[in-house]
Amino acid sequence: MAQSTESYKFLEDSAQTPEPSRRQVNLWKVLSVEDDLDYQSALVSSLESLILPNHTKLQILTANSAFEASAILSTHKDIGLILLDVVMEEDDAGLRLVSTIREGLGNALVRIVLVTGQPGFAPEKEVMSALDIDEYWNKADLKLDKLHSIVSSNMRTWNYMSELAEASQGLKIALDAARSINSRYDLTTFTRTVLAEIGNILGVKEGGLFCMANSLNPFEDAHVLTATGCYTKLEGLKLADVQLSDLVNDLQHALSEKHHVLTPLRSVFYFETKDINDKCYLIVVNSATPITDAHINLLKVFSENVSSGFTNIALLNRVTELAYTHSDLNIPNRNWLKKEIQSMCRLEWQQTRLLMLEVNYFDEMKFTFGYEFTQNVLIYIYQNLVQLLPTGSRISLSGHKQFSILLDSNFELSHDLIDKLTYNEVKVDGVAHVSSFTLLDIRFDTLKQIPAERIVSMAESELKQASVNNINYLQHSQQETDLIDRRYRLMGELRNTIRDGKLSVMLQPKVSLSTGKVVGFESLARWQRDDGSFVPPDEFIAIAEASGLIIKLDCLIFEKTMEALKSLVSMGYSIPVAFNASSFDLLDPDYFKFVEKGLDSFDIPAELLDLEVTETQAMSDYERIQQSLQRFVALGIRINIDDFGTGYSSLAHISNITAHCIKIDRSFVSKLETDKNSEHVINMILKLGKQFNFNIVAEGIETEYQKQWLSDAGCDIAQGYLFSKPLPINELIEWLTVYNKL
Ligand code: C2E
Ligand code: CA
Ligand code: CA
């Protein structure tokens, strides 16, 4: 639908072609999309003749179809204005191009001015409301002065919009950065970006300042946190010490009036977050040339974003503070410790050690003197640590009775200091109490770079072990790391193995020394890993106990024991089988219910079951374990006290303990040939048993000598490799057939 050039008189004003300025030429891209080539060449020469503000020169691109235009637009992303013909290869080609630009190319910035020679094809009102275009002109109305005002006003708008888009992009980056890094750095990163962005808006590259103050007495408190360009030297100064009087006046003015102070050459922005933390902030940006109203409007919009940026950071800091400090004592906490460890670089890792210090008898102290007392104890210890340890040591209260300190691994822990750290006076309300501590010392270079949580929990369990074993200073070694590593891996594997029911049992016979008959069995847990190797029960039982898996494990083993027992009974061997239980099991009502239900569902008489619990565990929580044992006895289950002699149980308790049988620990039996002392212990236990009517089983009999000695000493029952190793149920049944024939 081409029209002839004659009907358009662009050159009405006969403006001269301007000389491009030598000093600074701003190029601005305009695209003419037009299928009428004559009209387009008239338009282009008119555009070339325009004199634009700020020495701007137009770079004019042309396209003769919508298709060609979209190709140009996708390579020139910085086109500022499109003069777009509506009717081209199709009647609505121009209109369709608008959608392509806005939605397809995602270009929201480019200004689109529709020009048409046939307004009837695309009525202005409908087009303007349906499409994202900026202006609509009839070709006939497009005289040179109109063209000038269209180009220059759209150029201004486009410039502002691009700057705003850039600025908000910058702000977004600043906020994201602020969120992700440590709080202190947040504010700096944020304000540096803000300063740079304001500089961009004003077209100045240098010369900004950021002050922060407490809003209660802002001027006295204000200090310069960030400074760039001509202000660089002011960084770190208190505002009161800044010598530039006119600058200080403007800042004081903003602080007292609590609003922005915008002068032609200096913009001072005032922000506050008083709802969150009583802080107020000043941002100062200098400009070499006076700022315009347009600048001010833009800065005001921008400052809204900055204001919410400050609010976000203040909120984040508040949350961070809560998450990383002990709420009552205001000392960094376990999360903080983890964060510090997590953020260590490789070099720091090589040069850092972790001291973990536990207050011994803390819980008893709390019980006797109360919560407030122990809080004061912690504060005292904290202050003491600050004094004893080198400056720069990072101290945290990482547990309710445990401090963790990160310090330089080159710092020498002298004997004297270790003594002071493990045994010291604690003064509360002027009264001195002597306290002892357990100290763990880990150099990070003995550890692999594993997650902080694992390091901290590993240290915690090591510290606990040390404190249980009355070791007051423990140095962590590489070997320990490997061991802990293995345990950690096994723990995960064990959890799955239990879940999949993949543990098994082996049974070991107990033999009467007087008759030679098999009088019982002990069921022992076995774990064969997927690679065929066996994990020793002592190792995995300890892991299960430490990780809370023991009850599940023992329930599974109990079930397997019942299955084995069922097989024995069905083969005609109605002989009691003992299963092992830990103190955790006994203290858990669900475990009891599980056993009770098992008896029922397997239809096995309780008399065929013995429960074995070690002496140490039976005595660990004597009263409650007693009650629990009595419930099992009430069911008809007999109780064996295992590993007897190793737990130093008091005689007073032994006379009352709920038990039918005592098992002499293997360590005494195995030393019979060599150690007279063992004879004494065994004789004493046998006597005790007779006196209180316990049956006595000796475990770990490996030699004829041991068997004979025990038999002579009057021991009833024996268990050990001499008779048989623990065997899977089918092998045990074979063994029984052979044994009974002898
Ligand atoms: P325990 O209850 O004292 O079990 C006796 C241990 O001595 C068993 O070790 C058994 O295989 C071993 N033993 C028996 N006769 C001899 C012998 O003549 N010489 C030698 N050197 N050893 C002998 P095992 O099977 O390695 O079990 C170790 C410990 O693990 C058990 O000691 C028990 O405390 C615990 N345990 C095993 N199964 C379970 C279970 O299902 N639950 C719980 N809670 N603990 C279990
Ligand atoms: Ca046992
Ligand atoms: Ca034992």
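When reading the values below, keep in mind they use all heavy atoms of this one structure, side chains included, and skip hydrogens, waters and symmetry mates. First listed ligand is number 1; within each ligand, the first listed atom is number 1.
Geometrically, R353 does not engage F444 in a cation-pi contact, judged by NZ or CZ lying under 6.0 Å from the ring centre and within 45° of the ring axis. Judged by the 6.0 Å distance and 45° axis criteria, K339 is positioned over the aromatic ring of Y324.
Remark: among candidates V505, L524, D665, the nearest residue to atom 8 (C) of ligand 1 is L524, based on non-hydrogen atoms. Taking each of R666, M506, K663 in turn, the one with a heavy atom nearest to atom 12 (C) of ligand 1 proves to be R666. With E702, Q706, E539, E699 as candidates, the residue nearest to atom 5 (C) of ligand 1 on a non-hydrogen basis is E699.
When each of F579, F592, F558, F594 is checked for a ring-ring contact (aromatic ring centres under 6.0 Å, His included) with F632, only F592 meets the rule.
Residue-level check: among N/O/S atoms of E522, OE2 sits closest to the Ca ion (ligand 2). E612 has its closest N, O or S atom to the Ca ion (ligand 2) at the position named OE1.
Interface of D643 with ligand 1, defined as ligand atoms under 4.0 Å from a residue heavy atom, comprises 3 (O). The contact set between ligand 1 and R526, taken as ligand atoms under 4.0 Å from a residue heavy atom, comprises 11 (O), 25 (O). For ligand 1, the atoms lying closer than 4.0 Å to a non-hydrogen atom of D642 are 1 (P), 2 (O), 3 (O). Under a 4.0 Å criterion applied to the non-hydrogen atoms of D538, ligand 1 contributes the atoms 28 (C), 29 (C), 30 (O). Near P726, meaning under 4.0 Å from one of its heavy atoms, ligand 1 places the atoms 11 (O). Taking every heavy atom of I557 and a limit of under 4.0 angstrom, the matching atoms of ligand 1 come to 41 (O).
Ligand 1 lies less than 4.0 angstrom from a heavy atom belonging to E522.
Here's the thing with Q508: one of its N/O atoms is less than 3.5 angstrom from an N/O atom of ligand 1. Taking any N or O of S523, backbone or side chain, none lies under 3.5 Å from an N or O belonging to ligand 1. By the 3.5 Å distance cut-off applied to N or O atoms, P537 is not counted among the residues near ligand 1.
Residue contacts with ligand 1, taken as heavy atom pairs separated by less than 4.0 Å, involve D554 solely via side-chain atoms from C-beta onward.
E673 and T703 are linked by a side-chain donor-acceptor pair at a separation below 3.5 angstrom, with hydrogens and angles left out of the test. Using a 3.5 Å distance cut-off with no hydrogens or angles, the side chains of Q708 and D712 do pair a donor with an acceptor. Inspection of the S398 and Q402 side chains reveals an N or O donor paired with an N or O acceptor under 3.5 Å.
Among the backbone and side-chain atoms of D642, an N/O/S atom is found under 3.0 Å from the Ca ion (ligand 2). Checking T614 against the Ca ion (ligand 2), every N/O/S atom stays at or beyond the 3.0 Å cut-off.
Shortest non-hydrogen contact noted between D445 and Q478 is O-OE1, 4.4 Å.
Salt-bridge check for E460 with R334: passed, with a basic side-chain N closer than 4.0 Å to an acidic carboxylate O. The pair K663-E522 meets the salt-bridge criterion, since a charged nitrogen lies less than 4.0 angstrom from a carboxylate oxygen. With respect to the salt-bridge test (charged N to carboxylate O, under 4.0 angstrom), the residues D590 and K593 qualify.
Residue N376 holds its CG atom at 10.0 Å from NE2 of H433, rounded to the nearest 0.5 Å.
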